[in-house]
Amino acid sequence: MHSDDDPYVLVLPDRDAAEAVADELTEGHPELPEPELHREALAGEDDAEDAQWLVVLHPPLPAALTPQALDALAGTHEGWLEGWLDRGVESHPADD
């Protein structure tokens, strides 16, 4: 179960998508602290192309940035919001 202090983690397929989501978030919500971008290599993969990118947001977030809105934004870039099942947002498993 997540607490209100847990970060929101959006999982994106590549760096371009992660940067686009981060840009959309900061342009649409200038009061939002700078989102953190992280590269996450998939287990067992050595190729740099086989990595997901994470956009990490730390609360508190503007009221408009609900888990559902974040999941929808990530979805427009073939991504998802990780780990918010208890908040009504379905988490998507990594592609095989």
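Remember, predicted model here, so these are calculated numbers, not experimental data.
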Handout entry: D71 side-chain N/O to W80 backbone N/O, donor-acceptor pair under 3.5 Å
Key =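 Side chain of D71 to backbone of W80, a donor-acceptor pair under 3.5 Å: no, none is there.
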Quick one: are [X] and [Y] in side-chain contact, heavy atoms under 4.5 Å?
{"X": "L54", "Y": "L10", "value": "no"}
{"X": "P35", "Y": "V56", "value": "no"}
{"X": "V21", "Y": "L70", "value": "no"}
{"X": "P62", "Y": "L32", "value": "yes"}
{"X": "H29", "Y": "L65", "value": "yes"}
{"X": "L37", "Y": "E19", "value": "yes"}
{"X": "P13", "Y": "Q52", "value": "no"}

If you round to the nearest 0.5 Å, how far is [atom2] of [Y] from [atom1] of [X]?
{"X": "D16", "Y": "W53", "atom1": "CG", "atom2": "CH2", "answer": "9.5 Å"}
{"X": "E34", "Y": "T26", "atom1": "CD", "atom2": "OG1", "answer": "5.5 Å"}
{"X": "L81", "Y": "L57", "atom1": "CG", "atom2": "CG", "answer": "9.0 Å"}

Practice task
May I ask you to check whether E36 and H38 show a side-chain donor-acceptor distance below 3.5 Å?
Solution key: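 On atom types as modelled, these side chains qualify, holding a pair under 3.5 Å.
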Practice task
Looking only at non-hydrogen atoms, find the nearest pair between P7 and P59 and report the distance.
Solution key: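 Shortest heavy-atom contact: CA-CD, 4.0 Å.
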